[in-house]
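See below for the structure under consideration.
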There are 2 protein chains.
Amino acid sequence: MADVAQRAGVSPSTVSRTMRGLSTVSPETRARVEKAARELSFSISRSASSLVTGRTGRVAVLVPNLESWFLGAALAGMAPALAEAGMDMLVYSVTTPEERAHFFDHLPARRNADALLVVSFALSPGERARLDDLGIPLIFVSQHEEHRASVYVDDAEAALRGTRHLINLGHRRIAYLEPADPSGFAWSSRARLDGYRTALAEAGIEHDEELVRQVAQWQGPVLDAAVGRLLSMAAPPTAIFAETDDIAFRLLTVLRGANVRVPDRVSVLGFDDHAMAAAWDLSTMAQPVRRLGREAAELAHAVIGDPEANLERHVVLPVELVPRGSTGPAPRSPVAGGA
Amino acid sequence: MADVAQRAGVSPSTVSRTMRGLSTVSPETRARVEKAARELSFSISRSASSLVTGRTGRVAVLVPNLESWFLGAALAGMAPALAEAGMDMLVYSVTTPEERAHFFDHLPARRNADALLVVSFALSPGERARLDDLGIPLIFVSQHEEHRASVYVDDAEAALRGTRHLINLGHRRIAYLEPADPSGFAWSSRARLDGYRTALAEAGIEHDEELVRQVAQWQGPVLDAAVGRLLSMAAPPTAIFAETDDIAFRLLTVLRGANVRVPDRVSVLGFDDHAMAAAWDLSTMAQPVRRLGREAAELAHAVIGDPEANLERHVVLPVELVPRGSTGPAPRSPVAGGA
DNA sequence: CTGAAAGCGCTAACAT
DNA sequence: ATGTTAGCGCTTTCAG
């Protein structure tokens with residue numbers, strides 16, 4: 001910076017002011033400084049400026065993994081918003097118990113970022129408390145936390161509307177597949193299940209606990225067994241609502257393998273609008289995932305810029321039904337096994 | 001840090017030495033300092049240490065987007081390796097032309113990271129040159145660059161082996177679907193196509209340029225048309241090799257919609273072993289994507305630690321055939337249209 | 001093995 | 001509108 005100052009014939013302060021775009025620099029001086037900076041291909045050292053301003057120009061993002069479409073899309077929503085605000089994105093992928101222990105022990109984000117975005121991450125009370133120790137604003141994404149900024153969708157409302165869609169198609173026996181998450185990593189809410197139940201009640205359909213089944217989110221033969229159970233009931237479901245598209249995809253595979261026609265015999269409704277949902281012709285409740293990320297990033301920026309900002313703001317985004325080929329009218333005789 | 005020093009009754013220097021794990025600290029002193037640090041929940045300010053050491057403790061990753069499974073998996077491979085080395089991961093997702101211009105104009109990674117990992121990013125010559133201006137080691141991932149550290153797979157060898165697999169199943173008319181990438185973002189190699197051709201030549205199969213078709217990677221009706229073209233040839237293919245699993249998935253959807261049985265009438269082979277390949281029962285050439293990321297991260301760490309390190313090291317990882325249900329023996333009469 | 005002092009590159013008063 | 005000065009919190013000589 002001193003070099004630039006010398007070359008432009010000004011003081012370091014002026015260079016600093018120019019680089020930060022302060023208006024208190026005369027146009028001519030600014031031009032001269034910018035030219036010198038370009039010639040020396042100078043760019044500011046954030047380390048040095050952080051040291052004095054206390055701001056790092058970085059936002060940290062905590063995610064339970066990086067391979068899921070959902071998290072990728074959320075990050076994809078944040079990235080441009082942060083870049084626009086001139087902030088860098090620090091990603092902490094904390095998946096295994098060891099990584100988890102390490103992250104919460106050392107809090108590497110401390111003094112290293114101006115805010116932390118926690119995305120779909122199930123926290124223990126102790127971990128939750130540790131995050132408060134970070135001393136930077138926390139923003140929860142795709143999950144809500146009392147007394148903290150959060151950006152999420154209204155799961156109950158969405159599940160309510162999805163279930164209504166099935167009911168409107170004439171379905172009365174509607175199963176619900178929810179993820180069993182033994183790892184305890186991804187944050188999940190009971191809200192979707194509540195919405196499903198509300199819709200049934202609303203339509204005067206008797207709730208049958210047998211129709212709600214837990215399945216492993218990612219793999220394992222548990223899903224086959226669950227589907228087998230459902231299909232072998234005296235009054236089998238004519239529609240299945242999967243809590244996530246990932247489950248719906250696997251469900252479709254199992255049904256296809258078992259020669260159960262979709263949607264002729266069973267309708268399938270997912271949740272997320274995964275990038276591949278269209279290819280699978282899966283009807284689903286579409287979450288605005290990228291927007292979730294973007295709103296979170298913008299909220300972070302706002303909070304960082306203004307310490308007086310409301311640290312408890314909740315942003316709730318809408319979910320829309322995207323009807324595709326996997327949902328259709330209920331078969332005339334739900335109990336009939338034939339095609 | 002001064003607080004910790006005071007509390008432990010030592011000088012700041014000693015605290016610094018302790019925190020960095022230097023061996024020149026007596027065990028008792030170390031214990032005392034660590035205790036004090038814990039009590040004050042002190043953690044070091046990277047900004048301050050960077051300022052004097054010149055090292056940031058961060059690695060930057062440049063990716064063309066964040067929503068693809070491939071990039072997510074690559075990042076997932078890097079994250080633990082970097083965390084273990086005590087480094088943070090800065091992610092730059094550069095997708096639109098505006099983002100692109102901004103990134104290469106301002107080089108936000110400059111003075112902000114100790115190395116840059118470039119993942120599957122097609123660079124113009126000018127952009128390539130700009131990256132050298134960064135003044136930090138460059139490591140190319142899933143692409144190779146002369147005279148620069150690179151981590152990638154042997155695409156030609158992999159495509160050769162994949163094509164051989166189809167030939168071994170009795171196929172003689174083998175089509176090849178390659179991505180047409182108008183955006184110019186994803187880096188793709190001609191090596192796979194070369195491997196395909198080599199295998200055909202090796203088996204004495206005459207090459208038919210009509211069997212090689214370009215299709216949009218992500219969407220659009222172009223794929224339908226390409227498949228239509230292939231299926232309406234006088235001697236249609238009995239197998240189709242897709243350059244990526246993403247294309248293969250869409251191909252399978254089109255074939256299913258057209259009631260073309262896989263693999264009875266047409267075998268389909270993909271490339272990547274996408275997370276969803278198993279669910280689609282897609283045979284594919286599996287890339288070790290996470291490992292690609294991990295090796296790149298380790299290489300970065302090695303290069304950062306030792307300025308004398310070989311900056312041109314190339315790491316080539318193996319690709320394995322994962323045979324699943326989408327490939328099978330060629331039908332007896334390839335020209336017959338019936339099931 | 002430990003401490004004292006200088007300074008990394010920048011910004012924030014305060015002058016001018 | 002611009003220059004001067006004094007640190008920000010750490011690491012690194014150099015002494016002891």
Side-chain N or O of A:S16 versus OP1/OP2 of C:dT11: is the shortest distance under 4.0 Å?
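Answer yes for this pair, as a side-chain N or O of A:S16 is under 4.0 Å from OP1 or OP2.
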Measure the spacing between CD1 of A:I139 and CD of A:E298 and express it to the nearest 0.5 Å.
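The distance works out to 11.0 Å.
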Distance under 4.0 Å to a non-hydrogen atom of chain B counts as contact; along DNA chain D, which nucleotides mark the start and end?
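Span of nucleotides near chain B: D:dG9 to D:dT12.
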Contact class for [X] (heavy atom, under 4.0 Å): base, sugar-phosphate, or nothing?
X     : value
A:T24 : base
B:S26 : sugar-phosphate
A:R17 : base

Enumerate the protein-to-nucleotides 5-9 of chain C contacts in which both atoms are nitrogen or oxygen and the separation is below 3.5 Å.
| from | atom 1 | to | atom 2 | distance (Å) |
| --- | --- | --- | --- | --- |
| C:dG9 | N2 | A:A48 | O | 3.2 |

Counting distance only, does the side-chain N/O of B:E84 pair as donor-acceptor with the main-chain N or O of B:A81 below 3.5 Å?
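Side chain of B:E84 to backbone of B:A81: no pair is present.
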For residues 109-118 of chain A, please give each side-chain donor-acceptor pair under 3.5 Å, one per line with the distance, not counting sequence neighbours.
| from | atom 1 | to | atom 2 | distance (Å) |
| --- | --- | --- | --- | --- |
| A:R110 | NH1 | B:S41 | O | 3.0 |
| A:R110 | NH2 | A:D133 | O | 2.5 |
| A:R111 | NE | B:S43 | O | 3.0 |
| A:R111 | NH2 | B:S43 | O | 2.9 |
| A:N112 | OD1 | A:R58 | NH1 | 3.0 |
| A:N112 | ND2 | A:P108 | O | 3.3 |
| A:N112 | ND2 | B:D88 | OD2 | 3.4 |
| A:D114 | OD1 | A:T56 | N | 2.8 |
| A:D114 | OD1 | A:T56 | OG1 | 2.9 |
| A:D114 | OD2 | A:T56 | N | 3.2 |
| A:D114 | OD2 | A:T56 | OG1 | 3.4 |
| A:D114 | OD2 | A:G57 | N | 2.9 |

Counting only heavy atoms not in [X] (residues, nucleotides, ligands), do more than 12 fall under 6.0 Å from its [atom1]?
X      : atom1 : result
A:E312 : CD    : yes
A:Q143 : CD    : yes
B:R128 : CZ    : yes

Examine the side chains of A:T29 and A:S26 and answer whether a donor and an acceptor come within less than 3.5 Å of each other.
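On atom types as modelled, these side chains qualify, holding a pair under 3.5 Å.
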Which word best sums up how the rings of A:H144 and A:Y152 line up, parallel for under 30°, tilted for 30 to 60°, or perpendicular for over 60°?
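The arrangement is tilted - the two ring planes meet at 30° to 60°.
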Output all residues satisfying side chain to side chain donor-acceptor pair (under 3.5 Å) with B:E39, sequence neighbours left out; order by chain, then residue number.
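If we apply the side chain to side chain donor-acceptor pair (under 3.5 Å) test to B:E39, skipping adjacent residues, the hits are B:R7, B:K35.
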Nearest-Å distance for atom pair CZ/P, residues A:R55 and C:dC10
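Interatomic distance, CZ of A:R55 to P of C:dC10: 18 Å.
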Which residues in residues 29-41 of chain B have a heavy atom closer than 4.0 Å to any atom of DNA chain D?
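Within residues 29-41 of chain B, no residue comes under 4.0 Å of DNA chain D.
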Could you walk me through whether A:D105 and A:R100 pass the salt bridge (Lys or Arg N to Asp or Glu O under 4.0 Å) test, one step at a time?
CA-CA 8 Å; A:D105 265 18; A:R100 196 163 180 144; over 6 Å; no
Compute the angle between the rotation axes at the two ends of the helix from C:dC1-D:dG16 to C:dT16-D:dA1, each taken over five pairs, rounded to 10 degrees.
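The angle, to the nearest 10 degrees, is 30°.
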